[in-house]
Amino acid sequence: MTKKKTLASIVTPLSEGGIGKIVVSGPDALSLVSQVFKSKKATDFCKAESGRLHYGYIFEDGRRIDEVILHTLGKQDSFTGEDLVEINCHGGIRVVMRTYQCIRSLGAEVVPWDALLSQSQENGKLDFVQKEAVREIVAAHTKLGVKVLLDQYAGALSRALQTGLDIIEGMNRSCQSAARSKETSSVAGFKGADDAAITALTNGIDRLLATVSYGMALTKPQPLVILGKPNVGKSTIMNAILDEDRALVHHEPGTTRDYVSECISVSGIPFEIVDTAGVRDTGDVIESMSIEITFEQLCRARKVLAVFDNARPFDREDEGILKALDLWMAQENADGFQPGARTTIPVINKCDLPQKLDTVKIASLLQQPVCTLSALNRVGFDDMNSRLVREFDTAYHPGRPVVFTGRQRQLLQDAHLLVKRETECLTGNNNPDRMLRVTEELQGILTECIKGKPL
Ligand SMILES: Nc1nc2c(ncn2[C@@H]2O[C@H](COP(=O)(O)OP(=O)(O)OP(=O)(O)O)[C@@H](O)[C@H]2O)c(=O)[nH]1
Ligand SMILES: [Mg+2]
C-alpha cells in the first residue's frame, strides 16, 4: 500500500492581514513541522497532544522566519481525518510564503485549500455534498445562504438522498430474491415494488427538485439589471438600494456611461445589481458605446428592473426599451436559460411628481403589474423587493435539505426521469430482472449524488 501524502495549504487569503494560516495535514505533519519549529518550552513537538496550542518560532537555516502559534490535532479530532498542524503566523504575503516554502522543502505536497476537503472525503469525514457545501459557504453572500449551506454541510441533503437510497435498497432486495426464485421455479408471486415505496421515492426526489432554484439562487447572485431611457432615475434607484452614493446622479440625461455593479441581499437572496447607461438613439460616439455595454449587461441578466418616468408621457425611447426587453425574453432559450428564468419588473419612478405617464399601458404591454417608486424620497422599495424574491419562500427552515449545485440538480433530474419512465416496470409484477437493472441504475445515480463520481 502506498504511503499517504502529507499536504500543506495556505487557508487564509494571501494579502495583508493580522494572521496567515497554513494547514499541514497527513501522517508526517508533526514530524515535518517539528524540523522547523522551536517551541518556547522544551517539549518534543512530535509527541504533541491533540488539541494543544504551542507558541514558538519557525526557523529556516538557523534564521528566524516568524513568531507563530501552532495548533495540533490528532487524526481522530481533525476535519481531514489525518494528523494536522495549523501554523498561525503573521499575515501578509512574505512571511506566509516563506513559511509555506519551508514546509514544502521538507516534503509536504502543496495544494489549494479545498484539496484538504478531498482528504476529508477519503477518510470518511465528509461526503461529496458536504464538500460542495464548504466550498459554497466560503463564497456565500448572505446570512441566509450561510445558514442553509451550513445545514447541508451538517448533512441535511445527504440524509435525504440516503433515505431515497434506503427505499431503493428495499426494492432491490425484493427483486433480487424474485430473480433468484425465478432460477429455481417461476416469477409467480413477485409483486414488484409496493406503491407506497414508489410514491415515497418520487415525492422525495420531487421535494428536493423543488428546492433547486432557491438553492442555486442562494449560491449564485442573480444579475439584476436596471434598464430605462436616460434620466428616469436608474442611478438614484441603485443608490437608494445600496443606501450610499455609489453611482453618479445628475439632471442631465446620459450621466451614466460605464455600468456600475454591486452585490445586494433581498430577504437573504443575493443579487448582483447593475446600473446601466440610459438607452436612446444618439449620435454621440461615447454614449453609443455605453449603450452597447448596457445591452451586454442585459444579455446576462436574470431579472430586469425596467424603469419608466412617471412625470413624462410614454415616448419612442420607452418603446425602444420595450423592444429591447422583447428581444431579451426571446433569447432566453438561445442563451441556455430555462424558459421563465428571465423576469421583467416594470418600475414607475418619480411618483412624487404629477403623473403624465400611462402606467396602465405599461402594465398591459409588459403583462405585469407595475411597482411605483419615488427613488428620491426612498418610497416604494418594499413592494419592489418582495417582487424580486416572490418565487421563493425566504423564511429559514432549519435543517431543510436544499439542492444547491448544478451537479446535484442534474443527477436528481436523471433519477426523476428514470423513475417516471420505468414506473410500470417498478410496480409491475412480471420482470424482476429489468426491475433489478432499474433499481441498480437509480442506486448508482443517488450514490453518485452523495459521494461524487466513482474514481
Ligand atoms: N422628483 C424625483 N426626481 C428623481 C427621482 N429619481 C431620480 N430623480 C432625479 O432625476 C434625475 C436623473 O436621475 P439619475 O438617477 O441620474 O437618472 P438615470 O436614469 O441614472 O440617468 P442616466 O444615467 O442619464 O441614464 C436627477 O436629477 C435625480 O435627482 C424621483 O423619484 N423623484
Ligand atoms: Mg445613471
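Each ligand, and each atom within it, is numbered from 1 in the order the structure gives.
Near Ser235, meaning under 4.0 Å from any of its heavy atoms, are these atoms of ligand 1: 15 (O), 18 (P), 20 (O). The contact set between ligand 1 and Thr236, taken as ligand atoms under 4.0 Å from a residue heavy atom, comprises 6 (N), 7 (C), 13 (O), 14 (P), 15 (O), 28 (C). Those atoms of ligand 1 with a heavy atom of Asn231 less than 4.0 angstrom away are 11 (C), 12 (C), 17 (O), 18 (P), 19 (O), 21 (O), 22 (P), 24 (O), 25 (O).
When only modelled atom types and interatomic distance are considered, Ser25 and Thr80 share a side-chain donor-acceptor pair under 3.5 Å. For the residue pair Lys234 / Thr256, no side-chain donor-acceptor distance below 3.5 Å is found, with atom types taken as modelled.
Looking at Lys229 next to ligand 1, no N or O pair under 3.5 Å apart turns up. Where the criterion is an N or O separation shorter than 3.5 Å, residue side chain and backbone included, Asp352 meets it with respect to ligand 1. Considering both main-chain and side-chain atoms, Asn377 never comes within under 3.5 Å of ligand 1 through any nitrogen or oxygen pair. At a 3.5 angstrom cut-off on N or O pairs, Thr256 counts as close to ligand 1. For Gly254, a nitrogen or oxygen atom sits less than 3.5 Å from a nitrogen or oxygen atom of ligand 1, counting backbone and side chain alike. Some N or O of Gly233 is nearer than 3.5 Å to an N or O of ligand 1, by distance alone.
Contact annotation: for Pro253 versus ligand 1, heavy atoms closer than 4.0 Å belong to the backbone alone. Contacts between Asn349 and ligand 1 below 4.0 angstrom, taking non-hydrogen atoms only, involve the side chain exclusively.
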Let me have the donor-acceptor pairs involving side chains of residues 315-322, under 3.5 Å, with sequence neighbours excluded, atom names and distances please.
| residue | atom | partner | partner atom | Å |
| --- | --- | --- | --- | --- |
| Asp315 | OD1 | Lys229 | NZ | 3.3 |
| Asp315 | OD1 | Glu317 | N | 3.1 |
| Asp315 | OD1 | Asp318 | N | 3.0 |
| Asp315 | OD2 | Lys229 | NZ | 3.0 |
| Asp318 | OD2 | Lys229 | NZ | 3.0 |
| Asp318 | OD2 | Asp315 | N | 3.2 |

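Among the atoms of Thr256, an N, O or S atom is found under 2.8 Å from the Mg ion (ligand 2). At a cut-off of 2.8 Å, Thr236 is not counted among the residues with an N, O or S atom near the Mg ion (ligand 2).
Proximity of a side-chain donor or acceptor of Gln152 to a complementary backbone N or O of Gly399 within less than 3.5 Å is not detected.
Residue Lys350 holds the heavy atom nearest to atom 9 (C) of ligand 1 of all those in His251, Lys350, Glu287.
Checking Leu357, Val232, Leu353 one by one against Arg312, the side chain to side chain contact (heavy atoms under 4.5 Å, CB included) holds for a single residue, Val232. Under the side chain to side chain contact (heavy atoms under 4.5 Å, CB included) test applied with Thr276, the options Val260, Leu298, Thr294, Ile293 reduce to a single match, Thr294.
Between Gly228 and ligand 1 there is no heavy-atom distance shorter than 4.0 Å.
The side-chain contact (heavy atoms from CB on, under 4.5 Å) search around His71 returns Leu53, Leu73, Glu86, not counting sequence neighbours.
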